[in-house]
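Below is one structure, written out as structure tokens, with a few remarks after it.
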Amino acid sequence: MRLPALGVRFLILATFGIFFAVPILWLILAPTRTDKALIMGHPIAFGSFHQVALAWKHLDAFSGHIYRRWIANTLYYALSATAITLVVSVPAGYGLAIGKFPGRKLVLSLTLVVMIMPAAALVLPIFLELNAMHLIGRSLSVILPFAFFPFGVYLAYIYYVTALPPDLLDAARVDGAGELQTFLRVALPLAKPVLALIFFFSFVADWNNFFLPYVLLADSNQYPITVGLSDLLASTPSFNPSVGGGGQSVNIFKPELALATLLAVVPIAIVFVFSQRALVRGLVGGAVKE
Amino acid sequence: MTSEYAEATRRRGLRNLQGMPFVLPYLPFLVVFGIAPTVYALELAFTNVDGGWVAFHNFVRTYDDFRFVPAFKHVLVYTSVWLGTLVVFVVGLALLLHGRANRVSAGFRFLFYIPGALAGAASVLVWLFMLDPSVSPGSFLLHHVVGASIFAQSIAPGNLPFIFAMIAFWTGAGGWIVVMYGALNTIPPDLEEAARIDGAGPITIALRLKLPLIRKWIAYMVILSFATGTQLFVEPEIVQHASFGLVPDTWSANQLAYQMAFRYGDFNGAAAIAVDLLVIGLAGAVLIVTRSGLFRTDD
Amino acid sequence: MKVNRRRLALTLLAAVAATALATSARGGHKASGVSGSITVWVDAVRLPVAKLYAKTHPKVHLNIVTYDGDGNGATTMQTKIQLWNRTNKGWPDVIFSEQANDPVWMGQKPFDYALDLKGVFPANLLKGWPKPSIAQCTVNGHLVCLQDNLAQEVLYVNKKLMSQFGYTVPKTWQQWAALGQKVAAQHPGYIIGTIGDSYGAWLYLWADKCPISQVTGVNTVRINASDVHCTRMAQLLDPLVKSGVVSYESVFTADFATKYGGDNDKILLMPGPVWYAKDIFSGTLHVPPGEMTAALPLQWNNEPLVTGQVGGGPWIVSKHSKNQAAAIDFVKWATTSLAVKGKVNALSPGYPSYAPAATVWLKSLNKDPYFAAPEGPAFQKAANLIWQGWSMVTYPDQPVWSNSVVTQLVAGKSLSSLLPALGHGLAQNAQAAGYKVVTN
């Protein structure tokens, strides 16, 4: 009775696995092939390593090694903002979960409302605020809005509500610990899974955020990789006919774009793998499902 | 008044502020990047370009725009398809993965998640190829399921809600699967053991034990996905660029808001559309919060 | 005595004028004395030009910002200018845009960014731009931009295939259509053109003087898709699209390249802009060398020859610029200097708008061994044939063509049946953008 169930389970997972994986496989193979082979050859095939080196050469040469700067910028923005997010969101989620202060529900509701507000409408006021703070054109103009991560607050809130037994906290309080001690000694260590989750989602959200940096940053040297990639795309004739004649000399074609995209995904894949371990840890009771 | 009573009152007073200090660092961020801009946008929605109060004029005016109704129709169809597939498959896949936590499961989780790492512009290249029957690895499916032999047929207007739902699922499901999996991990393993000892099969355990325990997480996912669904922007923008305009840049309501704001400089109209979307998202949120008890902390 | 004084004054005046003319006509690779600092926004393709200016003009501190070029219907520049206007600072001194209609809204409220170049840009140099080009950059009487390169439409010919099949190059649309019928019967699978690109209307309707984008007054645009110039072209194209000899796929799609380019090599003829030349045929479509050339654009029976245009990027100068002299100098150098425009290379991949530079540039193009025969003569003649009755407007018309015409052509409808939808869609966009729509 176990075996067929196992088989069905695997079949379903594998089917979805193929759906998710095949386009990625294509993306991984794309830099190894020439532009012509991508269009006229078989969809999934390996080209050559030499082509990858060539693609990297072109990509790196684009606009004065700006690709490297884009990756560096994104790492800087994402890591800084995520650090702030962790320090701010986890205690906030905790406070909302165990708290009884007036306005608790208000903060929760407002957080939700703000998450549901379309970004297109918020861009202008945020721009004006940052301008009033004289931050336009500086990294903080990107890092500070990134650090506002209501999703993280909610993740922490739900985690603490569902997974933290109040007896544990009471036990600490009876021992004479103050609120801060209780948090640091009891609640925080238990929050490893949600810390990992928030770190992960915040980092990825910041890494992938396009709209805000696109609007706020004027200098292409400050772009994160998302805005940079769309610039790259716009320099490719096959994606942007308006580039007209001359697109060829910029040397960015599909293999280069594929490589640029792939390299931009690597940090996220790394963060994912590292967050996984912490995500998998069990809970109160200590059992670890590996 | 006994001293005990006074002591209890004082403690109750303190307890009334319990938790607040932890929330304080978050509040400036909430105000500066959340509340203040939202209020500003709300104000824009009800005023005109000179700041004068015009009540619902912006709402009526944008409703009359020839792109408004089609845009909202599109997101309605899209959101239904998207939400349905998301909830069923995300929860289903998370439960399947959790059934036997091992390295295979971790491998699948990684696989499901990786597409989510591709941000907007990055996906353009991939989907331009995936949707083009002449070069796509999935051309068999495109020919036989979608009935398309060229790219322009893949993205024929009637197919768009489903195409976007597919792309959004491809990029978004993995993240939620990770969240649900993490949620399932908060279930004490003894509960599962006890149920198994009682003779419950894996499906029963999944549906009767695990599912109800992650109710709050599912509610959260539905609220957010409903809002992100109605606020669809990235996927139609991607396909619009990849198709050189075969898909209009005002296909979804959010795209229309963006165009209003930046192409025409009509921030008041854009704010009105944003408020429309906010109201829709909130309605969904309120419905789900009340029905699932998301804000209750006493269970 | 009086007469002598007057004559003296006049002679002096003439001398001064002559000197002035002579110095400005030098075109200057010597830095003309401008200094200070300016900020220019360019796309990746124009970056080498900006870099070279910085190198050859050390007195000017050039701050170069690369951006996506605002091409393909993007709203990058609208977004940025809106925000700069709100904070009253941040505007660059010079912008290069890939969208030919950007200067139109840049020159009007609420954006109000573009400087009127009339009177500020050396008038004698302006004479070097073809009249249609100056007309395209003139909005409400103000010269809001200068085209960097032209994009006139010509007829591309695969010389090798044409002689292989024994066909003669058509001179009129009628001959082209008749040839198409022959090709459909004798060599199915080969094509003589495509209308699937987002700018298909510019290639076929603009070239036949169809009045669906004609500014006739301030904020008034004439859109009449049932005009005979539109309907007759549609009727000409319908059977050709039906038989497949005119494709409805964009040249930029992978499918088009697979079907008609590369080893299949099935493009017999193709109306297209000058920038197709090598970049599209060799780069995108991988058509083998030694086959392609260009002929004059097609003529309607024996009506005067006009043609369309597909783009042609403009330079725009900011009216907020604090260093107008340097900004103008930059644009002047970028558009007219032979150091930039003299050869076909990364600095000047496109056909220069400035006619004297174009003549030199063409010499270089004609030497390229990729082509079966020099394309220069056809390019040069077509530069002055662009129909001026198609105006740039603040809203982009390509998306309307793409999603109300091309999507339906793909579904099997005829172009003639789609013209009303096209006209209607354009009218809606025009009205949303604040234009008054007329049919006459």
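Per chain, numbering begins at 1; letters A, B, ... match sequence-line order.
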Rounded at 0.5 Å granularity, tell me how far [atom1] in [X] sits from [atom2] in [Y].
| X | Y | atom1 | atom2 | result |
| --- | --- | --- | --- | --- |
| B:Arg263 | C:Tyr395 | CZ | OH | 12.0 Å |
| C:Asn403 | B:Thr250 | CG | OG1 | 7.5 Å |
| B:Ile150 | C:Phe256 | CD1 | CZ | 11.5 Å |

Heavy-atom closest contact ([X] atom, [Y] atom, distance):
| X | Y | answer |
| --- | --- | --- |
| B:Asp132 | C:Asp255 | OD2-N, 3.7 Å |
| B:Leu246 | C:Ser402 | CD2-O, 3.4 Å |
| C:Ala254 | B:Ser134 | C-OG, 4.0 Å |
| C:Ala432 | B:Tyr264 | O-CE2, 3.8 Å |
| B:Gly265 | C:Gln82 | CA-NE2, 2.6 Å |
| C:Gln78 | B:Phe262 | CB-O, 2.9 Å |

Let me know if [X] has heavy atoms under 4.5 Å from chain B in its side chain, its backbone, both or neither.
| X | answer |
| --- | --- |
| C:Asp197 | neither |
| C:Thr407 | both |
| C:Tyr199 | neither |
| C:Lys259 | side chain |
| C:Tyr248 | side chain |

Q: Find the one option among C:Val410, C:Thr75, C:Thr79 whose heavy-atom pairs under 4.5 Å with chain B are most numerous.
A: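 Counting heavy-atom pairs under 4.5 Å, the top option is C:Thr79.
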
Q: Select, from C:Gln408, C:Arg86, C:Lys80, the one with the greatest count of heavy-atom pairs under 4.5 Å involving chain B.
A: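 Most pairs with chain B among the choices: C:Arg86.
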
Q: Side chain from CB out, backbone as N, CA, C, O: work out which of these in B:Val49 comes under 4.5 Å of a heavy atom of chain C, or both, or neither.
A: neither

Q.
For B:Glu237, which atoms come within 4.5 Å of any heavy atom of chain C: side chain, backbone, both, or neither?
A. neither

**Q.** B:Phe59, CZ atom: more than 12 neighbouring heavy atoms under 6.0 Å
**A.** yes

(Q) Counting C-beta onward and ignoring hydrogens, is there a side-chain heavy-atom pair between B:Phe66 and C:His424 closer than 4.5 Å? (A) no

Q. Would you call B:Asp65 and C:Gln431 a side-chain contact if the rule is heavy atoms closer than 4.5 Å?
A.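 No - every pair of side-chain heavy atoms lies 4.5 Å or more apart.
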
